[in-house]
J.: 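Before I ask anything, let me first share the structure, which is written out below as structure tokens.
Keep in mind that what you see is a predicted model, and the values were worked out from it rather than measured. Residue numbers count from 1 along this sequence. No hydrogens, no waters, no symmetry mates; every other heavy atom, side chains included, goes into these values.
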Amino acid sequence: MTPDNDASLFRLGRVKDNALRSFQAFRAQIDKTGLFPDLKGDLGKNLRQSVRDEGRLTKSYMLMCGLSAGIAALGLLQSSTAVVIGAMLISPLMGPIASMGFGFASFDGHQIRDSVKVIAIGAAIGILTGILLTWLSPIRNATPEIIARTEPTLLDLVVAIFSGIAGAYATVQQKGATAIGVAIATALMPPLATVGYGLGVGSLTFAFGAFLLFLTNLAAIAFSFALVARLSGAARPLSNVEITPRYIIAGIAAFAVLATPLGVTLYRVTAEAKAQATVRRLLEEDLKLRPANIAQLQVKWPLRGTPSVDAVVVAPQYSNDAERRLLAKLETEWGERPALNLQQVVAADLKSQTAAIVDAAVERSANGIAQDVPPLVAIREAVGLPTQALWVNRSERMVQIVPFAADGWKLADYRAAEQAAAAAGSGWQVRVIPPVQPRLFVPIAVQDGAPQRNAALEDAIWAINRWGVQGITVAGLVNANVASADQSQALGLARFVSTELQGLGIRSRPISLEQERLLLAPRGEAGVLVFIVAPPRRSGQTSLSQ
């Protein structure tokens, strides 16, 4: 052995001895509190072996993971807290997580590796179960229970830490597994089911956010187990730990794998807290509000994405350009333009303001609106037209927009605007309702005697569906409907279009266009004239649809 190696081993031994003496002094103070039983000797060894045995991979473990994830997925889809709690009660994830925490406390690389394998298999079963049930379920809406688990928050992190400490303390006290299972499942099984939901509906944003929550909570719980195991003396004594460079590198790598999502979450939570304070200050300064008049304020700043702000304020008067001013100031503060949804509730007197604030809080609790906000600014910009009306259906995650009529815009242009707005909607459905036209002429091509669908027909059917009309009249036109053969072919075109509309549940009546109405259609073109708005019924007159 070379002198350099001897010196390295000597320094490593001194570090180990100093750490051992410091920890023994600290443990002596902990023992005086009487919080932990005496786990020295065989008691601690038996507990470590019991924890390791309970964390092994078994058939019953895999079955219970699937059942627990299935119950959690169904509870999330129904937004039923009681059903989600039922999944928590039977979750088996506490076994391998406790084993991993004890592995960290004992510097046991083999135990850590085996526990990670068992946790990974359980997580995979949970995710696959969530995907399968999402595909089979007729419910696809993102419920508040699902949305609440798509992004880690500071409260989620605190819950995970407390759960880990409670579970670890119950383990060293040998108080039974039920309390531990509830504590661990609270923070782990529902996020796994949410990952499955996100993948099932094709929302990678939901899946990634829920998986980050899972990893964050897993790390917090595992480290809490490790801390309690070491403080209680349940972990393997440090004097029996073989500290070598290989073990140090392996331990640092395992720690980094779990600590990275924990650090990422802490960074994002801190950034959101600072951003929320900035928004609150700007709202109070710009709108001259008291802190209590900001009824709701939610700021989300994903690691890779645009920040979003959802705020409901109660003010004595409406400010027309408040949203524009706030956007400009936030862009100056943050260096990028956020997605902003600012709702102003006008309440002049104190009693009205108090009622408005209470109503906003009730709506937030009932519908979770602060958790799921559409990027309205981005959607409006994508539409590219002034908006005269806008509705948000949060239960179905849908935004409906009625733009003003614009010169030169055709139905195809409004439909393209809807597609652009949907792309900017971040998972929200967007419906653009074009200005209503009393009638539409749709040219129809005939190939080998059969009418053919075309872009004009697709646009017309899209618009009719958006207008939500029923009982319309579809009149066919071929060569001015002069000859009987032309009238017959025209009626065939009308029936073809009527069948296409019926596929969307739209009732219509196919006819051959009357001679007196030929001037309403372009000359020389074969197609259909769709009467959207029937003439008014007056005494002595009959409408076209009669």
J.: Sub-3.5 Å donor-acceptor pair from the side chain of Thr499 to the main-chain atoms of Arg495, do we have one?
T.: yes

J.: Can you check whether Arg380 reaches Val383 side chain to side chain, under 4.5 Å on heavy atoms?
T.: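 No, their side chains stay 4.5 Å or more apart.
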
J.: Is there a side-chain contact between Val84 and Arg149, using heavy atoms and a 4.5 Å cut-off?
T.: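 Side chain of Val84 against side chain of Arg149, heavy atoms only: contact under 4.5 Å found.
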
J.: In the structure I gave you, are the side-chain heavy atoms of Pro451 and Leu493 within less than 4.5 Å of one another anywhere?
T.: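 In short, these two side chains touch, coming nearer than 4.5 Å.
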
J.: I want to check something: taking the side chain as every heavy atom from C-beta on, are Leu477 and Leu529 in contact at a cut-off of under 4.5 Å?
T.: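 Heavy-atom side-chain distance check fails, nothing below 4.5 Å.
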
J.: Are there more than 12 heavy atoms of other residues, nucleotides or ligands under 6.0 Å from atom CD of Glu333?
T.: yes

J.: Would you find more than 12 non-hydrogen atoms of other residues, nucleotides or ligands less than 6.0 Å from Phe211 atom CZ?
T.: no

J.: Taking salt bridge (Lys or Arg N to Asp or Glu O under 4.0 Å) as the cut-off, I'd like each qualifying pair that reaches into residues 412-432, sequence neighbours left out, listed once.
T.: Arg415-Asp459, Glu418-Arg466

J.: Only one of Thr278, Leu342, Val309 clears side chain to side chain contact (heavy atoms under 4.5 Å, CB included) with Leu283; which?
T.: Leu342

J.: Any sub-3.5 Å donor-acceptor pair from Thr134's side-chain atoms to Gly130's backbone N or O?
T.: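 Yes, Thr134 side chain to Gly130 backbone: donor-acceptor pair under 3.5 Å.
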
J.: Look at the side chain of Gln452 and the backbone N and O of Ala450, then say whether any donor-acceptor pair between them is shorter than 3.5 Å.
T.: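 Side chain of Gln452 to backbone of Ala450: a pair is present.
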
J.: Show me the pairs that pass ring pair (Phe, Tyr, Trp, His ring centres under 6.0 Å) and involve residues 399-424, at least two apart or across chains.
T.: Trp409-Tyr414

J.: So, do Val530 and Ile532 sit near enough that their side-chain heavy atoms are less than 4.5 Å apart?
T.: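 Yes. Closest side-chain heavy atoms under 4.5 Å.
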
